[in-house]
A.B. asks: 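Here it is, the structure, as C-alpha cells.
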Amino acid sequence: MSLRIVVTVKYVPDATGDRHFADDLTVDRDDVDGLLSELDEYAVEQALQIADDADDAEVTVLTVGPEDAKDALRKALSMGADKGIHVEDDDLHGTDAIGTSLVLAKAIEKAGYDLVVSGMASTDGTMGIVPALVAERLGVPQVTLLSEVSVEDGVVTGRRDGDTASEQLQASLPAVVSVTDQSGEARYPSFKGIMAAKKKPVESWDLSDLGIEAEEVGLDGAYTVVESAAERPARTAGKIVTDEGEGGKQLAEYLASQKFI
Amino acid sequence: MAEVLVYVDHVDGAVRKPTLELLTLARRIGEPVAVALGNGAGDTASALAEHGAVKVLTDEAAEYADYLVVPKVDALQAAVAAVSPAAVLVPSSTEGKEIAARLALRLGSGVITDAVDLEAGGEGPVATQSVFAASYTTKSRVSKGTPVITVKPNSAAVEAAPAAGTVEALSVTFSEQATGTKVTSRTARESTGRPELTEAAIVVSGGRGVNGAENFSLIEGLADSLGAAVGASRAAVDAGWYPHSNQVGQTGKSVSPQLYIANGISGAIQHRAGMQTSKTIVAVNKDAEAPIFDLVDYGVVGDLFAVVPQLTEEIKARKG
Ligand SMILES: Cc1cc2nc3c(=O)[nH]c(=O)nc-3n(C[C@H](O)[C@H](O)[C@H](O)COP(=O)(O)OP(=O)(O)OC[C@H]3O[C@@H](n4cnc5c(N)ncnc54)[C@H](O)[C@@H]3O)c2cc1C
Ligand SMILES: Cc1cc2nc3c(=O)[nH]c(=O)nc-3n(C[C@H](O)[C@H](O)[C@H](O)COP(=O)(O)OP(=O)(O)OC[C@H]3O[C@@H](n4cnc5c(N)ncnc54)[C@H](O)[C@@H]3O)c2cc1C
C-alpha cells in the first residue's frame with residue numbers, strides 16, 4: 001500500500017530582510033519578501049528520502065498562509081514533492097499557534113496520511129511547537145526534533161539530541177515527525193524539477209472545506225494577545241580599537257573595568 | 001493567594017538553574033507549587049523549598065523516562081486539575097515548549113513561548129518576548145484559559161525565599177497516547193566540566209575565523225580563564241570543529257549571559273538571534289566591517305590568533 005506523506009511547510013518573511021509588525025501587531029507581510037521557511041526544506045528533503053526508500057509513496061506539501069504562500073509550495077514541488085495543498089482564507093489573518101494547529105490537523109485528516117513531516121521551528125515565530133500540537137490533535141505519536149530519521153515496516157525511528165542527552169525514539173505509523181537542520185542538507189531544485197513543478201496539482205481549500213468556523217481562528221479566535229511591540233533600541237555604539245600589538249591587553253583592561261575579571 | 005504551577009527541570013533530582021529562576025518569576029504572580037517528575041523527583045524538594053516552592057508535587061513513575069513528552073503532559077494536566085493554578089510556567093527547553101503546548105491545547109488555553117520576563121497584570125500575567133532575532137520586544141498575554149508560559153534561561157535572578165516545600169504525591173493516570181513514542185535508548189551528554197551554555201554568566205564563542213578544530217583550544221583557554229562556557233557559530237559546527245550542542249543561534253542554543261565574547265564570528269542574523277540579548281557583547285574580528293561590530297560594547301579589530309592568547313595571559317596575570 002502506498003505510504004502517504006504530508007509535509008507541512010510555512011511561508012515566512014525573509015529573515016535577512018527588515019522584518020516588522022503591522023498596525024494590528026501581526027507580522028507585516030507587505031514590505032518584506034517571503035519564502036519557504038529554510039528549516040522546512042529539511043522536512044521536504046527527509047520526506048523525499050523516506051518516499052524514495054518506500055516501494056510506493058506520495059508526498060503532499062501543505063501550507064496555511066496568504067495568497068503568496070503558493071510560492072513555498074512551488075519550491076517544495078520543484079524539490080520533488082508530488083502535489084500541494086494551500087489553505088487560504090481571509091479569516092485566518094492573525095491566527096496563533098493553537099489555531100494554526102487546528103487548521104493543519106483538519107487539512108491533514110482531509111488529505112489522508114500515514115506520516116506527517118514538519119520542520120523543527122519556523123524562522124519567524126520560532127516557537128517549535130506546531131508539530132507537537134498537531135500530534136496531540138490527531139491523537140498519533142509525536143516523534144519530533146530528529147537529527148536522523150528512517151521509516152521501515154510501518155515503524156518510524158530516529159535520534160533526538162536533547163539538552164542533556166541524545167535519545168533514540170521509536171513509534172508506529174501513523175505519526176508526526178519533525179526534523180532538525182542536522183538531518184541532512186536539503187537538495188536544490190533542478191531545472192527539470194522547476195519545470196515539472198509548474199504542472200503539479202495544487203488544491204486550494206478554505207475554512208469551510210475543513211469544517212472550521214471563522215471564530216475558531218484569526219485574531220478574534222486567538223488564545224493569546226500581543227499588547228505591544230516595540231523596536232529594540234539599537235545598542236549604543238561601543239568602543240572599537242584596532243589591534244596594534246596591545247589589543248588583548250586593552251580588551252582585558254575593558255573587562256576589568258566592567259568587573260568581569 | 002493564587003497558586004502558580006512550576007514545571008521542574010531536573011536531572012536525577014538535581015534541579016537545573018532555569019527552574020529556580022522560574023520560582024522567582026512565579027512569586028510575582030502567586031504562590032509557587034512545583035511539579036517534579038521521574039527518577040529523583042523527591043530529591044528536588046529541598047532546593048525548591050529554599051527558593052519559594054510552598055508545595056512540591058512528585059511522581060517517580062518510569063513512564064517519564066521511557067516515553068517522549070506525553071506522560072509529562074498527563075502529569076501536568078493532573079496537577080492543574082488538583083491545584084487550579086493562575087498560570088503554569090515551564091522552562092523554555094525544546095522539550096519544555098512541547099510539553100507546554102500540548103498542555104495548553106488540552107486545557108483550552110493559549111501558550112506563550114520563550115518569555116524573557118513576566119509580570120502580574122490585571123488580566124493575567126504579561127510576558128515579554130524578544131522576537132525577530134531580538135530586534136523587537138513584545139508584550140503578550142494568554143487571553144483564554146489558564147495561561148501556559150515558557151520562560152528562557154537567564155530571564156530572572158535566582159533568589160533565596162525559604163518556603164515550606166511540602167512534598168505531596170501526585171496521582172497520575174496516563175492517557176492512551178502516553179506510550180506512543182518509546183525512548184529505546186538514551187546517551188547522556190558527557191560533561192566538559194565547564195558551565196552549561198544556556199546558564200553560564202559568560203560565554204566565549206568561536207566561528208569560522210578560528211579555522212580548525214585544533215585551534216578551538218585557544219577559545220577554550222580563554223573560556224577557562226573566565227570560568228565561561230564555550231559556544232560556536234554554525235559555520236564552525238558544520239565544519240566539524242565543535243559539537244552541535246555548543247552551537248549558538250537560531251538553530252542552536254539561545255544564550256543571554258552577562259558577557260558574550262565572539263571570536264572570528266561575522267554576526268549573521270541567525271547567530272544574532274541566539275545572543276543579541278546578552279548584557280555585554282565583545283568581539284574580536286580582523287574585518288572592521290563585520291556586522292558583529294554593530295552590536296558590541298567593545299570590539300577589537302585584529303587577528304584572533306594574536307589577540308586571544310594575549311587576552312588570556314593578561315586575565316590569568318590579573319587573577320594571579
Ligand atoms: C514573533 C512572533 C511571536 C509569536 N508568538 C506567539 C505566541 O507566543 N503564542 C502563539 O500562540 N502564537 C504566537 N505567534 C504566532 C505563531 O507563530 C503562528 O501562529 C504560527 O503559525 C505557529 O507558530 P510558529 O510559526 O512559531 O511555528 P513552529 O511551531 O515554530 O513551526 C514548526 C513547524 O510547523 C509547521 N508549520 C508552522 N506553521 C505552519 C503553517 N502556517 N503552514 C504549514 N506548516 C506550518 C512547519 O513544518 C514548521 O517548521 C507568534 C508569531 C510571531 C511572528
Ligand atoms: C535557517 C538557518 C539557520 C541558521 N542557524 C544558525 C545558528 O543557529 N547559528 C549560527 O551561528 N549560524 C546559523 N546560520 C548560519 C549563518 O547564516 C552564518 O552562515 C553563520 O553564522 C556564519 O558563521 P561565522 O560567523 O562563524 O562565519 P563567517 O560568516 O564566515 O565569518 C567568519 C568571520 O571570521 C573573521 N575572521 C576570519 N579569520 C579571522 C582571524 N584570524 N581573526 C579574527 N577574525 C577572523 C572574518 O572576518 C569573518 O567576519 C543559519 C542559517 C540559516 C539559513
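Values in this document were obtained by computation on a predicted structure and should not be read as measured data. Order of the sequence lines sets the chain letters (A, B, ...), proteins ahead of strands, with each chain counted from 1.
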A.B. asks: Among B:Glu190, B:Arg16, B:Lys286, B:Gln270, which residue has the highest count of heavy-atom pairs closer than 4.5 Å to chain A?
C.D. replies: B:Arg16
A.B. asks: Who among B:Glu98, B:Arg189, B:Lys182, B:Gln129 has the most heavy-atom pairs with chain A under 4.5 Å?
C.D. replies: B:Glu98
A.B. asks: Within the distance-only criterion (no hydrogens, no angle test), does the side chain of B:Lys253 pair as donor or acceptor with the backbone N or O of B:Ser245 below 3.5 angstrom?
C.D. replies: yes
A.B. asks: Ignoring hydrogens and geometry, is there a side-chain-to-backbone donor-acceptor pair from B:Gln310 to A:Lys249 under 3.5 Å?
C.D. replies: yes
A.B. asks: Heavy-atom distances under 4.5 Å only: say whether B:Val300 touches chain A with side chain, backbone, both or neither.
C.D. replies: both
A.B. asks: Is there a donor-acceptor pair under 3.5 Å between the side chain of A:Glu148 and the backbone N or O of A:Gly158?
C.D. replies: no
A.B. asks: Are side-chain N/O atoms of A:Ser101 and A:Arg137 paired as donor and acceptor at under 3.5 Å?
C.D. replies: yes
A.B. asks: Looking at B:Lys144, B:Glu123, B:Glu176, which makes the most heavy-atom pairs under 4.5 Å with chain A?
C.D. replies: B:Lys144
A.B. asks: Which residue out of B:Thr280, B:Val111, B:Leu259, B:Val284 racks up the most heavy-atom pairs below 4.5 Å with chain A?
C.D. replies: B:Leu259
A.B. asks: Within the side chain of A:Asp114, is there an N or O that forms a donor-acceptor pair under 3.5 Å with the backbone of A:Arg4?
C.D. replies: yes
A.B. asks: Given that the side chain runs from C-beta out, which part of B:Leu226 has a heavy atom under 4.5 Å from chain A: side chain, backbone, both or neither?
C.D. replies: side chain
A.B. asks: Whether the side chain of A:Thr95 engages the backbone of A:Gly99 through a donor-acceptor N/O pair (distance < 3.5 Å, no angle test) should be reported.
C.D. replies: no
A.B. asks: Checking heavy atoms, do the side chain of B:Thr277, its backbone, both or neither come under 4.5 Å from chain A?
C.D. replies: both
A.B. asks: Go through the steps to decide whether A:Arg159 and A:Glu167 satisfy the test salt bridge (charged side-chain N to carboxylate O under 4.0 Å, His left out), and finish with yes or no.
C.D. replies: CA-CA 6 Å; A:Arg159 190 186 84 237; A:Glu167 295 166 337; over 6 Å; no
A.B. asks: Under 6.0 Å from the ring centre and within 45 degrees of the ring axis: does the NZ or CZ of A:Lys239 meet both conditions for the six-membered ring of B:Tyr298?
C.D. replies: no
A.B. asks: Examine whether an atom of A:Glu244 lies under 4.5 Å from a heavy atom of chain B, and if so say whether it belongs to the side chain, the backbone or both; otherwise answer neither.
C.D. replies: neither
A.B. asks: Between A:Ser172, A:Ala237, A:Gly245, which has the largest tally of heavy atom pairs under 4.5 Å with chain B?
C.D. replies: A:Gly245
A.B. asks: Is B:Val308 close to chain A through its backbone or its side chain, or both, or neither, when contacts mean heavy atoms under 4.5 Å?
C.D. replies: neither
A.B. asks: Do A:Tyr11 and A:Leu36 touch side chain to side chain, with heavy atoms closer than 4.5 Å?
C.D. replies: no
A.B. asks: For A:Ile98, which atoms come within 4.5 Å of any heavy atom of chain B: side chain, backbone, both, or neither?
C.D. replies: side chain
A.B. asks: State plainly whether the residues A:Glu216 and A:Lys106 are in salt-bridge range, i.e. N to O under 4.0 Å.
C.D. replies: no
A.B. asks: Counting only heavy atoms closer than 4.5 Å, note whether B:Glu95 contacts chain A via side chain, backbone, both or neither.
C.D. replies: both
A.B. asks: Heavy-atom pairs under 4.5 Å with chain A: which of B:Thr150, B:Thr198, B:Val142 has the most?
C.D. replies: B:Val142
A.B. asks: Just by distance, do the side chain of A:Gln182 and the backbone of A:Ser147 share a donor-acceptor pair under 3.5 Å?
C.D. replies: no
A.B. asks: Ring centroids only, cut at 6.0 angstrom: are A:Phe260 and A:Tyr254 within range, meaning strictly under it?
C.D. replies: no
A.B. asks: Based on non-hydrogen pairs under 4.5 Å, which of A:Pro131, A:Gly248, A:Gly238 is most in contact with chain B?
C.D. replies: A:Gly248
A.B. asks: Return yes if a side-chain donor-acceptor contact under 3.5 Å exists between B:Asp238 and B:His244, otherwise no.
C.D. replies: no
A.B. asks: What option among A:Ala121, A:Ala175, A:Ser166 has the most heavy-atom pairs under 4.5 Å with chain B?
C.D. replies: A:Ser166
A.B. asks: For B:Gln250, which atoms come within 4.5 Å of any heavy atom of chain A: side chain, backbone, both, or neither?
C.D. replies: side chain
A.B. asks: Without hydrogens or angle criteria, can the side chains of B:Ser175 and B:Asp74 be said to hold a donor-acceptor pair below 3.5 Å?
C.D. replies: yes
A.B. asks: Under 4.5 Å from any heavy atom of chain A, what part of B:Lys279 do you find: side chain, backbone, both or neither?
C.D. replies: backbone
A.B. asks: Any idea which of B:Arg102, B:Lys97, B:Glu314 has the most non-hydrogen atom pairs under 4.5 angstrom with chain A?
C.D. replies: B:Arg102
A.B. asks: Counting only non-hydrogen atoms closer than 4.5 Å, does B:Val11 touch chain A with its backbone (N, CA, C, O), its side chain (CB onward), both, or neither?
C.D. replies: side chain
A.B. asks: Tell me, out of A:Gln142, A:Met120, A:Glu246, who's got the most heavy-atom pairs with chain B below 4.5 Å.
C.D. replies: A:Gln142
A.B. asks: Sort B:Ile261 into side chain, backbone, both or neither according to what part of it lies under 4.5 angstrom from a heavy atom of chain A.
C.D. replies: side chain
A.B. asks: Assess whether salt bridge (charged side-chain N to carboxylate O under 4.0 Å, His left out) is satisfied between B:Glu313 and B:Lys319, documenting all intermediate values.
C.D. replies: CA-CA 10 Å; B:Glu313 279 315 303; B:Lys319 285 195 166 172; over 6 Å; no
A.B. asks: Measure A:Leu102 against the heavy atoms of chain B and call it side chain, backbone, both or neither at under 4.5 Å.
C.D. replies: neither
A.B. asks: Name the region of B:Ala306, side chain, backbone, both or neither, that has any atom closer than 4.5 Å to a heavy atom of chain A.
C.D. replies: side chain
A.B. asks: Looking at A:Asp161, A:Thr144, A:Val156, which makes the most heavy-atom pairs under 4.5 Å with chain B?
C.D. replies: A:Thr144
A.B. asks: When heavy-atom pairs shorter than 4.5 Å are enumerated against chain B, which of A:Val130, A:Thr123, A:Leu25, A:Asp96 gives the highest number?
C.D. replies: A:Thr123
A.B. asks: Which region of B:Leu295, side chain (C-beta onward) or backbone (N, CA, C, O), has a non-hydrogen atom less than 4.5 Å from a non-hydrogen atom of chain A, or is it both or neither?
C.D. replies: both
A.B. asks: For B:Val296, is it the side chain, the backbone, both, or neither that has a heavy atom closer than 4.5 Å to a heavy atom of chain A?
C.D. replies: both
A.B. asks: Does the side chain to side chain contact (heavy atoms under 4.5 Å, CB included) test come out yes or no for A:Thr180 and A:Tyr42, once each step is laid out?
C.D. replies: CA-CA 7 Å; A:Thr180 72; A:Tyr42 296 93; over 6 Å; no
A.B. asks: Using heavy-atom distances under 4.5 Å, tell me whether B:Asp114 contacts chain A through its side chain, its backbone, both, or neither.
C.D. replies: side chain
